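Please read all numbers here as calculations on a predicted model, not as lab measurements. Every heavy atom of this structure was used, including side-chain atoms; hydrogens, water molecules and symmetry mates were not. Quick note on labels: first sequence line is chain A, next is B, and so on, each numbered from 1.
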Amino acid sequence: MATPTYTLLDSRTLSSNVASLDFTSISQDFTDLVLTAVPLASTNGFVYLRPNNESSPYDIVSMEATEGSQASYTTGSWPFISAGANYYNTSSEPRAHEYHIFNYSSSTQYKSYIGKAGGTGAGTGGITMAVGHWQSFQAVTSLRIFADGTLLAGSTFNLYGIES
Amino acid sequence: MSPWFFGYLGAAGGVDGAFDLLETTVLSSNGEVYFTGLDAYSDYKHLQLRFTGAASTSGMQFTFNNDLTDKYMTSRLKGVGSNTIVNEREAALRNTIRFDGAFVGNTNFPNYFAGGVIDILDYSSANKKTTVRGIFGNSTGSGVMLGMGFYDVASAVTALTIYSSSGSPKAGSRFSLYGIRG
């Protein structure tokens, strides 16, 4: 018997600029989390995701292509989840982001994730994807999102749960 | 940005039943994974496999319809760090689709399981050969990958078997199969 399972948990559109955004009291009734976002930030730079607002330890390997170049990066001591290790959001262009956090309530496995993002701005456009792990047995009960600078009004974030 | 890039085709938040859980397997001991009787899900256009996997080595392999003959092609676009991106393609048809790096080879990383998403497109068509795509990888040495697979037979997929390239998927690995309406 099939089970409907892709459930919207929370949806936010910023009405004003904020330093950070928190999804809290995340239901533990699902297996995977999916976050889709179109963030705008006041400063060119990273968009950060931190489960339970923990700053470490994360690891990441990414594959990134911008106009005329491509590169891959890896690090074992990343302080947040991101869609790339050298991929920057911009203040001038909305970029589409998507993150999958697998087995987010597990107390026996580190949490693996996939991040993807892309934009098409002239001179700044590019696509990135990344995989990594949060080296923690904590269940993800909250998710903090912030950026270099502030998150600007109009930024959108949607959090989904997927059952298994 | 196309749904292809985002690795899913489900209409999240849309019509009820557009993206449905069909079956899930969490291994209680090491072993291969079998999804059979997929023709029972003919209401769906595509299948999506979401998984967290580990094995003694990182290679994930799978077949359709219990066919272990040389009818599968795989290509992988892979970022492995150190500014290296490579495009790999099997030199010839193989007996499995080979998504190297989709598992964590977790002998040295016992708490790590790699997450991934694989779409099996138009899986019930008997008029064209089956293609799959996936995004997967691990940060324990394999890298991040886009994978494409091809089954050189024009028949409906009724069974999916998941292997590892050495040994079997490990206990704790989870494989969830979803149906996507088209």
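- Top candidate by heavy-atom pairs under 4.5 Å with chain A, chosen from Ser82(B), Ala54(B), Gly116(B), is Gly116(B).
- At a threshold of 4.5 Å between non-hydrogen side-chain atoms, the residues Tyr34(B) and Thr25(B) do not count as touching.
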| query | Passes side chain to side chain contact (heavy atoms under 4.5 Å, CB included), Tyr44(B) versus Ile180(B)? Steps please. | reply | CA-CA 5 Å; Tyr44(B) 298 93; Ile180(B) 301 170; 5.5 Å; no
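- A side-chain donor-acceptor contact under 3.5 Å links His46(B) to the backbone of Asp122(B).
- A heavy-atom distance below 4.5 Å is not found between the side chains of Tyr113(A) and Leu33(A).
- Contacts between Thr84(B) and chain A at a heavy-atom distance below 4.5 Å involve the backbone alone (N, CA, C, O).
- Tyr178(B) touches chain A through its side chain: at least one heavy atom from C-beta onward sits under 4.5 Å away, while N, CA, C and O do not.
- Cluster annotation: Leu40(A) and Tyr48(A) are assigned to distinct hydrophobic clusters (Ile/Leu/Val/Met/Phe/Trp/Tyr, side-chain heavy-atom contacts under 4.5 Å, transitive).
- The shortest non-hydrogen separation linking Ser62(A) to Thr128(A) is CB-OG1, 4.4 Å.
- Asn30(B) places a side-chain N or O within donor-acceptor distance of the main-chain N or O of Ala171(B), the cut-off being under 3.5 Å.
- Following chains of ILVMFWY side-chain contacts shorter than 4.5 Å, one cannot reach Ile101(A) starting from Phe113(B), and the two form parts of different hydrophobic clusters.
- When side chains are defined from C-beta on, Lys45(B) does not count as touching Arg181(B), because their heavy atoms never get closer than 4.5 Å.
- Leu47(B) and Val132(B) end up in the same hydrophobic cluster when Ile, Leu, Val, Met, Phe, Trp and Tyr side chains are linked at under 4.5 Å.
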| So Val34(A) and Arg50(B), side chain to side chain contact (heavy atoms under 4.5 Å, CB included) or not? Walk me through it. | CA-CA 12 Å; Val34(A) 176; Arg50(B) 302 178 60 89; 4.1 Å; yes
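- Looking at Phe51(B), only its backbone comes within 4.5 Å of chain A, counting heavy atoms on both sides.
- Heavy-atom pairs under 4.5 Å with chain A were tallied for Ser142(B), Ser176(B), Gly137(B); the largest tally goes to Gly137(B).
- With a 4.5 Å cut-off on non-hydrogen atoms, Ile114(A) touches chain B through its side chain but not through its backbone.
- Remark: the backbone N or O of Ser166(B) is paired with a side-chain donor or acceptor of Ser56(B) at under 3.5 angstrom.
- Counting heavy atoms from C-beta on, the side chains of Leu49(B) and Phe175(B) come closer than 4.5 Å.
- Checking side-chain atoms of Asn138(B) against main-chain N and O of Phe103(B) turns up a donor-acceptor pair under 3.5 Å.
- Chain B is approached within less than 4.5 Å, heavy atom to heavy atom, by Gly132(A), His133(A), Gln135(A), Phe137(A) from residues 132-150 of chain A, ordered by number.
- Side chain to side chain, Thr57(B) and Ser165(B) meet the donor-acceptor criterion of an N or O pair below 3.5 Å.
- A ring-centre distance under 6.0 Å is found for Tyr160(A) and Tyr6(A).
- In this structure, chain A has a heavy atom under 4.5 Å from the side chain of Val104(B), while its backbone stays farther away.
- Neither the backbone nor the side chain of Ser11(A) comes within contact range of chain B; no heavy atom of the residue lies under 4.5 Å from a heavy atom of that chain.
- By a heavy-atom distance cut of under 4.5 Å, Thr31(A), Asp32(A) are the residues of residues 22-32 of chain A near chain B, going up by number.
- Using modelled atom types, one side-chain atom of Lys111(A) and one backbone atom of Gln109(A) make a donor-acceptor pair closer than 3.5 Å.
- Proximity to chain A among residues 59-79 of chain B is limited to Leu77(B), Lys78(B), Gly79(B), judged by heavy-atom separations below 4.5 angstrom.
- Linking Ile, Leu, Val, Met, Phe, Trp and Tyr whenever their side-chain heavy atoms come within less than 4.5 Å leaves Tyr104(A) and Tyr112(B) in two separate clusters.
- At a heavy-atom separation below 4.5 angstrom, chain B is approached by Gln70(A), Ala71(A), Ser72(A), Tyr73(A), Thr74(A) within residues 66-81 of chain A.
- A donor atom on one side chain and an acceptor atom on the other are found under 3.5 Å apart for Arg98(B) and Thr96(B).
- Hydrophobic clustering places Tyr123(B) together with Val153(B) (ILVMFWY residues linked when any side-chain heavy atoms are closer than 4.5 Å, directly or through intermediates).
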